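Chain identifiers are assigned alphabetically (A, B, ...) following the order of the sequence lines, protein sequences preceding nucleic acid strands; residue numbering begins at 1 within each chain. Just so we're clear, the structure is a prediction, and the values are computed from it rather than from any experiment.
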2 protein chains.
Amino acid sequence: MKILIADDDHDLLALIGFTLSQSGFVVIKASDGISALRLFSVEAPDLVLLDINMPGANGFEVCARIRERSSVPVMMLTARGEEDALVKALELGADDYLNKPFSPRTLIARVKALLRRAGFEANATPIRAGRLQLDVDEHTVRVGLGEPLRLTKLETRLLQTLLVNAGHAISSDRLLMQVWGHKGAGDRQLLKQLVHRVRQKIEVDPSVPQLLQTAQSAGYKLVVE
Amino acid sequence: MKILIADDDHDLLALIGFTLSQSGFVVIKASDGISALRLFSVEAPDLVLLDINMPGANGFEVCARIRERSSVPVMMLTARGEEDALVKALELGADDYLNKPFSPRTLIARVKALLRRAGFEANATPIRAGRLQLDVDEHTVRVGLGEPLRLTKLETRLLQTLLVNAGHAISSDRLLMQVWGHKGAGDRQLLKQLVHRVRQKIEVDPSVPQLLQTAQSAGYKLVVE
DNA sequence: CAGACTGGTTATAAACTGGTTACAAATGGC
DNA sequence: GCCATTTGTAACCAGTTTATAACCAGTCTG
């Protein structure tokens, strides 16, 4: 399930992104209205979180533009004292709103409620990239036309992050963040291990990786032809 | 279509009542929790709108009492800054919520959406998937052409969730949420037990499950051929 | 070149998961 | 109240998954 977040507050953006990805959502971030719209077209998210106050194009404009061509659920983020703005946003077609500050738990509950309301229950479509097809719910991957392979929780999260960003190298720090939810010096080994185990499963010859390749000192990336 | 509204704010009660009756609904009003419960029994409404803050018995209590004996759709009305309360209400079995202030248009849309959603579920027709046929009202399942088996309340809820998502693995967390309405560390055992008991009933050889299978570290799923 | 750093590999320990048995508490009809 | 059923708790085991450590080969840097 893919969620687009647009907010100009980078700290908040990171926090929301982290919270949601911990719950298994794939997160796409935008820090202004223009990129939000661009990313909306490119990524086709299943839900959009919009801050009302943003440079580029504010929450209203983005919401209105999205509504012109999609009925995807939109949740507005508002600061206290923006009641008028809020009513306007709801009139414009926003489906829900969340007052800052909010707890991660609240965010998750509301996002899930909104998705449920939108009829998205849990029929997640598998993520495809190159020769790989990942089913996040089932914790399985298929390589080419082969049999689905069982993955562990961490393996699934790693592949999920790499598949969503297929073709681009992802830094070790970011992978640690996405998979374990924290980063520390001692965790270098965890990632090495996890990559190793995933390669054992998905590569034809694990010693010569064709899919999950190392990008020297830049992290790892998933190769797509 | 009959709707019960419970709110201690008389103005708001009148406004909501007016809005809904304009849309053709029959409206029953209650201004406190106690009368809400009494009217619920007497009138058997098709949907309930509950304010969280009420004298007599608050929204939670009313919601919980209603849930004890009915699966009628319940929508909570919340004020700003009641996020925690809201999350609790959703966990208690409320189906949707509406933040004040809301526009009449939003109210109508949400009520209709909820009724539509509930209409599908309460369709009284047994849920079928693969070789299983579950009658939620009767609390029975049939496996293939066999005799209907009696199920307990929890067993029914578990199978209902799995059947609706037949073929897809459902996480333990989500099952805990659907069946018990909460999740916690110690609740792991509950699910293990319940799955075990259901298998004893529906599987030919409970030690080699053909229907209710384990998806390692991803939850459980119902197999359909 | 030495030392720091990175990434791959192997091995082992610790934590967690799921199945099972047994039993206690709660619930519901009579 | 009593009884049967249902639900919750605890403990144990086997298997899997994850964390930690150690060693090695490259690579980068001063």
Side-chain angles (χ1 to χ4, degrees), chain A residues 138-141 149-159 162 169-176 178-203 205-221, chain B residues 64-65 67-69 138-141 149-159 162 169-176 178-203 205-222:
Chain A
E138 304 269 334
H139 287 193
T140 57
V141 250
L149 302 166
R150 255 175 30 69
L151 297 174
T152 70
K153 198 167 47 184
L154 295 184
E155 289 164 357
T156 308
R157 286 223 274 271
L158 177 69
L159 276 181
L162 289 171
I170 310 295
S171 73
S172 298
D173 278 356
R174 188 153 157 234
L175 288 172
L176 281 169
Q178 293 279 339
V179 177
W180 283 272
H182 58 87
K183 60 174 179 179
D187 300 336
R188 196 174 71 97
Q189 183 62 9
L190 296 178
L191 186 56
K192 280 202 300 189
Q193 274 295 341
L194 189 59
V195 167
H196 185 243
R197 289 198 302 259
V198 169
R199 280 180 177 154
Q200 296 294 324
K201 289 193 178 178
I202 68 170
E203 297 285 353
D205 178 358
S207 62
V208 190
Q210 300 297 310
L211 299 165
L212 205 177
Q213 294 193 349
T214 304
Q216 277 285 4
S217 72
Y220 295 90
K221 74 170 175 180
Chain B
R65 291 289 177 79
R67 268 291 162 277
E68 282 172 13
R69 48 196 166 134
E138 300 278 325
H139 285 195
T140 57
V141 252
L149 302 165
R150 262 172 28 74
L151 296 174
T152 69
K153 195 169 53 181
L154 295 183
E155 289 165 356
T156 308
R157 286 224 273 273
L158 177 70
L159 276 181
L162 289 170
I170 309 295
S171 73
S172 299
D173 278 356
R174 192 154 154 236
L175 288 172
L176 281 171
Q178 294 278 340
V179 178
W180 284 271
H182 58 88
K183 61 175 176 180
D187 302 338
R188 194 174 72 97
Q189 183 63 8
L190 297 178
L191 186 57
K192 280 202 300 190
Q193 275 298 337
L194 189 60
V195 167
H196 187 243
R197 284 166 182 149
V198 169
R199 279 180 177 155
Q200 295 294 325
K201 290 192 179 178
I202 67 170
E203 297 284 355
D205 177 358
S207 62
V208 190
Q210 300 297 310
L211 299 165
L212 204 177
Q213 293 194 348
T214 304
Q216 279 278 15
S217 75
Y220 295 91
K221 74 170 174 180
L222 209 109

Requested in this report: For A:His139 and A:Lys153, run side-chain contact (heavy atoms from CB on, under 4.5 Å): C-alpha distance rounded to whole Å, both residues' side-chain angles, the deciding distance at 0.1 Å, then the answer.
Outcome: CA-CA 7 Å; A:His139 287 193; A:Lys153 198 167 47 184; 4.2 Å; yes
A:Ala215 meets the side chain to side chain contact (heavy atoms under 4.5 Å, CB included) criterion, sequence neighbours left out, with A:Ala169, A:Ala218
For B:Asp205 and B:Ser207, the nearest pair of non-hydrogen atoms, with its separation, is OD1-OG, 2.7 Å
Is it the case that more than 12 heavy atoms not belonging to B:Lys201 sit under 6.0 Å from its NZ atom?
yes
_Walk me through whether B:Gln200 and B:His196 qualify under side-chain contact (heavy atoms from CB on, under 4.5 Å)._
CA-CA 6 Å; B:Gln200 295 294 325; B:His196 187 243; 3.3 Å; yes
Separation of D:dT6 atom C1' from B:His139 atom NE2, nearest Å, is 13 Å
The reported gap from CG in B:Leu159 to CG in B:Leu212 (rounded to nearest 0.5 angstrom) is 6.5 Å
Restricting to nitrogen or oxygen on both sides, can you table the protein-nucleotides 17-19 of chain D pairs closer than 3.5 Å?
from   : atom 1 : to       : atom 2 : distance (Å)
D:dT17 : OP1    : A:Arg150 : NH2    : 2.8
D:dT18 : OP1    : A:Leu154 : N      : 3.4
D:dT18 : OP2    : A:Thr152 : OG1    : 2.4
D:dA19 : OP1    : A:Trp180 : NE1    : 3.4
D:dA19 : OP2    : A:Trp180 : NE1    : 2.9

In the 5' to 3' direction, the nucleotides of DNA chain C bounding the stretch that comes under 4.0 Å of a heavy atom in chain B are C:dT17 to C:dA22
So OG1 of A:Thr152 and CG of A:Leu194: to nearest 0.5 Å the spacing works out to 6.5 Å
For A:Leu162 and A:Leu175, what are the C-alpha separation, side-chain angles and deciding distance, and is it a side-chain contact (heavy atoms from CB on, under 4.5 Å)? CA-CA 8 Å; A:Leu162 289 171; A:Leu175 288 172; 4.1 Å; yes
Rounded to whole Å, the CG-P distance (B:Leu191 to D:dT9) equals 14 Å
note: A:Gln200, atom CD; D:dT16, atom P; distance rounded to Å ~ 17 Å
Check: Yes or no on side-chain contact (heavy atoms from CB on, under 4.5 Å) for A:Leu191 and A:Asp187, after CA distance, side-chain angles and deciding distance?
Finding: CA-CA 7 Å; A:Leu191 186 56; A:Asp187 300 336; over 6 Å; no
When the rotation axes relating C1' atoms of four end pairs to the next four are compared across the helix from C:dC1-D:dG30 to C:dC30-D:dG1, five pairs an end, they differ to 10° by 50°
Closest to the 5' end of DNA chain C, once A:Ala215 and B:Pro206 are matched to their nearest nucleotides, is A:Ala215
Sorted by chain and number, sequence neighbours left out, salt bridge (Lys or Arg N to Asp or Glu O under 4.0 Å) with A:Lys221 holds for none
5'-most contact on DNA chain C (nearest-nucleotide basis), B:Ser172 vs A:Tyr220, goes to A:Tyr220
Residues at least two apart in sequence or cross-chain that pass side chain to side chain contact (heavy atoms under 4.5 Å, CB included) with A:Gln210, listed by chain then number, are A:Glu203, A:Val208
